[in-house]
**Q** 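Quick one: structure below, then a few questions.
Sequence lines set the chain letters: A, B, ... in the order given, protein chains first and strands last, and positions in each chain run from 1.
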Protein chains: 2
Amino acid sequence: MILSNVILGMLAVAPMTGYDLKKRFDTTVAHFWSADKAQIYRTLARLVADDLAVVMTVRQDGLPDRQEHHITDTGRTALAEWLLSAPDPYRERDPFLARVFFSGTLEPDDILALLWARRLAAQSMLDELVSQLGPSVTPVSKNREEYMRSATLRNGISHVRAELEWLEAVEEGLQ
Amino acid sequence: MILSNVILGMLAVAPMTGYDLKKRFDTTVAHFWSADKAQIYRTLARLVADDLAVVMTVRQDGLPDRQEHHITDTGRTALAEWLLSAPDPYRERDPFLARVFFSGTLEPDDILALLWARRLAAQSMLDELVSQLGPSVTPVSKNREEYMRSATLRNGISHVRAELEWLEAVEEGLQ
DNA sequence: TACGTCTAGTGGACAAGTCTACTAGACGTA
DNA sequence: TACGTCTAGTAGACTTGTCCACTAGACGTA
């Protein structure tokens with residue numbers, strides 16, 4: 001499962017609660033993965049059952065206890081194995097393309113509206129990715145970990161730009 | 001559900017059996033959607049239960065009976081509603097980016113191997129998409145339906161090209 | 001003749017992902 | 001004072017998607 005590996009990857013950086021993880025999924029890794037709360041907690045339970053993580057309950061005053069999940073040595077091994085394992089198949093599922101595929105029977109105006117809505121979504125996604133990347137001039141390979149993390153953002157940006165260019169070409173062809 | 005709408009879209013072109021649909025999912029629409037056999041048959045059953053399709057059993061000699069599924073008027077209405085409904089959120093789940101995000105702790109050679117494997121996959125995907133599109137010089141808007149269908153292929157091609165360019169840039173940055 | 005493939009479909013288990021509702025104290029604001 | 005939000009987590013139903021096994025006749029090939 002990919003989710004459990006992503007969680008292991010986060011725990012490898014710092015011990016976290018399910019709550020902490022959920023926040024990461026909604027922010028720093030949102031551009032390539034998402035996860036429901038219930039799913040996160042279930043997966044954490046399985047990591048513990050498989051000895052890939054251990055829980056430490058931390059008392060806090062004024063706040064609920066934290067169930068801190070720490071990665072184990074077995075966990076780190078599993079993470080490294082995943083990173084080096086055979087690549088996942090190059091497959092995509094794109095609900096938008098599904099609509100486009102069958103949109104040929106619609107009125108031309110409706111097709112344009114479909115494309116226009118997509119353009120808006122893509123543009124706002126682009127803005128968000130760019131702002132997440134920050135103004136940093138492609139941080140040099142001084143810090144390799146940060147370089148790879150920001151590479152995933154640049155990947156998203158490249159794809160959104162490709163989408164916008166494609167939209168323009170399709171619209172033009174429709175005229 | 002998107003799958004049921006994709007199936008409706010196919011049935012709108014011609015009546016089909018689950019078997020026929022499975023072949024389409026493995027070929028013409030494979031670049032944006034896929035579906036398991038069991039899933040297709042289950043979904044067909046639900047379309048019939050919801051009066052979006054009806055079954056006609058066609059005897060054949062020498063071959064098993066065909067359970068031909070025909071779209072109903074209600075089905076056509078549902079399909080059109082879906083095509084015009086609010087756009088799906090722009091979200092992506094990318095297992096490869098998940099690896100890249102956590103790959104910063106690997107040895108440089110292992111990172112390059114990860115990127116290289118991706119490049120191979122992307123390149124062969126590109127070849128496949130290009131050959132599927134055929135040599136046709138972007139068919140004019142004489143046939144709008146065909147234009148929209150081929151647009152989805154061109155979308156895939158744009159994205160794969162963006163991926164290849166990104167890979168080059170990341171590799172270069174790693175040197 | 002035996003095996004493999006194509007046609008067409010059924011059945012069941014299971015994994016992954018989504019959604020909604022609930023507890024409960026601390027804190028902030030209208 | 002009442003409501004909303006943040007913190008942290010639990011519980012359960014449900015939908016989607018994947019995998020594997022099985023039936024069964026027709027046809028082709030080694």
Side-chain angles (χ1 to χ4, degrees), chain A residues 1-8 10-11 15-27 29-30 32-50 53 55-70 82 88-89 91-95 98, chain B residues 1-8 10-11 14-27 29-30 32-50 53 55-70 88-89 91-95 98:
Chain A
M1 236 234 314
I2 291 158
L3 180 62
S4 56
N5 287 303
V6 173
I7 291 180
L8 275 183
M10 295 188 190
L11 296 185
M16 288 185 208
T17 64
Y19 190 79
D20 295 333
L21 287 163
K22 176 60 180 155
K23 281 192 291 186
R24 302 279 184 304
F25 275 105
D26 290 341
T27 54
V29 306
F32 64 83
W33 210 263
S34 65
D36 182 83
K37 223 170 95 160
Q39 218 187 335
I40 292 170
Y41 282 105
R42 263 194 319 234
T43 305
L44 277 175
R46 226 194 38 207
L47 290 180
V48 171
D50 294 349
V55 196
M56 293 199 203
T57 304
V58 179
R59 295 269 151 73
Q60 302 181 107
D61 49 86
L63 289 176
D65 291 359
R66 287 172 58 79
Q67 302 268 87
E68 262 187 5
H69 290 71
H70 296 246
W82 169 63
D88 319 85
R91 83 155 77 113
E92 328 225 352
R93 271 218 170 89
D94 193 330
Chain B
M1 238 238 309
I2 291 156
L3 180 62
S4 56
N5 286 303
V6 173
I7 290 180
L8 276 183
M10 294 188 190
L11 295 185
M16 290 186 207
T17 65
Y19 190 79
D20 295 332
L21 286 163
K22 177 58 180 157
K23 281 194 289 186
R24 302 275 183 309
F25 276 105
D26 291 343
T27 54
V29 306
F32 65 82
W33 211 263
S34 66
D36 182 82
K37 222 170 95 162
Q39 217 187 334
I40 291 171
Y41 282 106
R42 262 192 322 228
T43 305
L44 277 175
R46 225 195 37 207
L47 291 180
V48 172
D50 293 349
V55 195
M56 294 200 203
T57 304
V58 179
R59 296 270 151 74
Q60 304 182 106
D61 49 86
L63 288 178
D65 291 358
R66 287 172 58 79
Q67 303 267 89
E68 262 187 6
H69 289 73
H70 296 246
D88 319 86
R91 82 153 78 114
E92 327 224 352
R93 270 220 170 87
D94 192 331

**Q** What is the distance from CG of B:Asp50 to P of D:dT15, rounded to the nearest Å?
**A** 12 Å
**Q** Going through the distances and angles, do B:Leu21 and B:Thr43 end up as a side chain to side chain contact (heavy atoms under 4.5 Å, CB included)?
**A** CA-CA 11 Å; B:Leu21 286 163; B:Thr43 305; over 6 Å; no
**Q** Measure from the side-chain heavy atoms of A:Thr17 and tell me the nearest of C:dG11, C:dA24, D:dG9.
**A** D:dG9
**Q** B:Arg42 has an atom CZ; how far is it from atom C1' of C:dG11, in whole Å?
**A**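 Taking CZ of B:Arg42 and C1' of C:dG11, I get 11 Å after rounding.
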**Q** Please pick, from D:dT18, C:dA16, D:dG9, the nucleotide with the shortest atom-to-atom distance to any side-chain atom of A:Lys37.
**A**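 My answer, after comparing the listed nucleotides, is D:dG9.
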**Q** Could you check whether any side-chain N or O of B:Lys22 sits under 3.5 Å from a backbone N or O of B:Ala38, counting only pairs where one atom can act as donor and the other as acceptor?
**A** no
**Q** Any side-chain N or O of B:Gln60 under 4.0 Å from OP1/OP2 of C:dT7?
**A** no
**Q** Who does D:dC14 pair with, Watson-Crick or G-U, both distances under 3.5 Å?
**A**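 Because both required distances fall under 3.5 Å, D:dC14 counts as paired with C:dG17.
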**Q** Could you check whether any side-chain N or O of A:Arg93 sits under 3.5 Å from a backbone N or O of B:Ser34, counting only pairs where one atom can act as donor and the other as acceptor?
**A**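 Checked: pair present.
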**Q** Rounding to an integer number of Å, can you tell me how far B:Ile2 CD1 sits from D:dT15 P?
**A** 16 Å
**Q** Which one is paired to D:dC19, where only Watson-Crick or G-U wobble pairs with both distances under 3.5 angstrom count?
**A**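 Check on D:dC19: paired to C:dG12, both distances under 3.5 Å.
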**Q** How many Å lie between CZ on A:Arg46 and C1' on C:dC14, as a whole number?
**A** 12 Å
**Q** Side chain of B:Met1 only, please: which of D:dG9, D:dT16, C:dA8 is the nearest?
**A**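 Selected nucleotide: D:dT16.
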**Q** Given atom CZ of B:Phe25 and atom C1' of D:dT16, what is their separation to the nearest angstrom?
**A**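 Atom-to-atom, B:Phe25 to D:dT16, this comes out as 13 Å.
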**Q** Calculate the interatomic distance between B:Lys22 atom NZ and D:dG17 atom P; express it in whole Å.
**A**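 These atoms are roughly 13 Å apart.
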**Q** Picking from C:dC19, D:dG17, C:dT7, which would you name as closest to the side chain of A:Ala38?
**A** C:dC19
**Q** Expressed in angstrom and rounded to an integer, what is the separation of A:Leu21 atom CG from D:dT7 atom P?
**A** 14 Å
**Q** Check whether any side-chain N or O of B:Gln39 sits under 4.0 Å from OP1 or OP2 of D:dT18, and answer yes or no.
**A** yes
**Q** Mind checking who C:dA2 pairs with, Watson-Crick or G-U wobble, both distances under 3.5 Å?
**A**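 Answer to the pairing question: D:dT29, which forms a Watson-Crick or G-U pair with C:dA2.
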**Q** Taking only side-chain N and O atoms of B:Tyr19, does any of them lie within less than 4.0 angstrom of OP1 or OP2 on C:dT7?
**A** yes
**Q** Should we count CZ of A:Arg91 as having more than 12 external heavy atoms under 6.0 Å?
**A**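 Counting other residues, nucleotides and ligands, CZ of A:Arg91 stays at 12 neighbours or fewer.
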**Q** Would you indicate which nucleotide in C:dT18, D:dA8, C:dA8 comes nearest to any side-chain atom of A:Asp36?
**A**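 The answer is C:dT18.
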**Q** Below the 4.0 Å mark, does C:dG9 have OP1 or OP2 next to a side-chain nitrogen or oxygen of B:Tyr41?
**A** yes
**Q** Need to verify one output field. Residue with the more 5' nearest nucleotide on DNA chain C, A:Gly62 or B:Asp65?
**A**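 Its nearest nucleotide being more 5', the pick is B:Asp65.
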**Q** In whole Å, what is the span from the CG atom of B:Leu3 to the P atom of C:dG17?
**A** 17 Å
**Q** Please determine if a side-chain N or O atom of B:Arg93 lies less than 4.0 Å away from the OP1 or OP2 oxygen of D:dT16.
**A**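 No, no such contact exists.
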**Q** Side chains of B:Glu68 and B:Thr17: any donor to acceptor distance under 3.5 Å?
**A**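 Note: B:Thr17 and B:Glu68 side chains miss the donor-acceptor criterion.
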**Q** Step by step, work out the side chain to side chain contact (heavy atoms under 4.5 Å, CB included) result for A:Asp20 and A:Arg66.
**A** CA-CA 10 Å; A:Asp20 295 333; A:Arg66 287 172 58 79; 2.8 Å; yes
**Q** So which nucleotide from D:dG9, C:dT7, D:dG17 ends up closest to the side chain of A:Gln67?
**A**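 My answer, after comparing the listed nucleotides, is D:dG9.
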**Q** If you pin B:Arg91 and B:Asp20 to their nearest nucleotides in DNA chain C, which one's is more 5'?
**A**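 It is B:Asp20, whose closest nucleotide lies nearer the 5' terminus.
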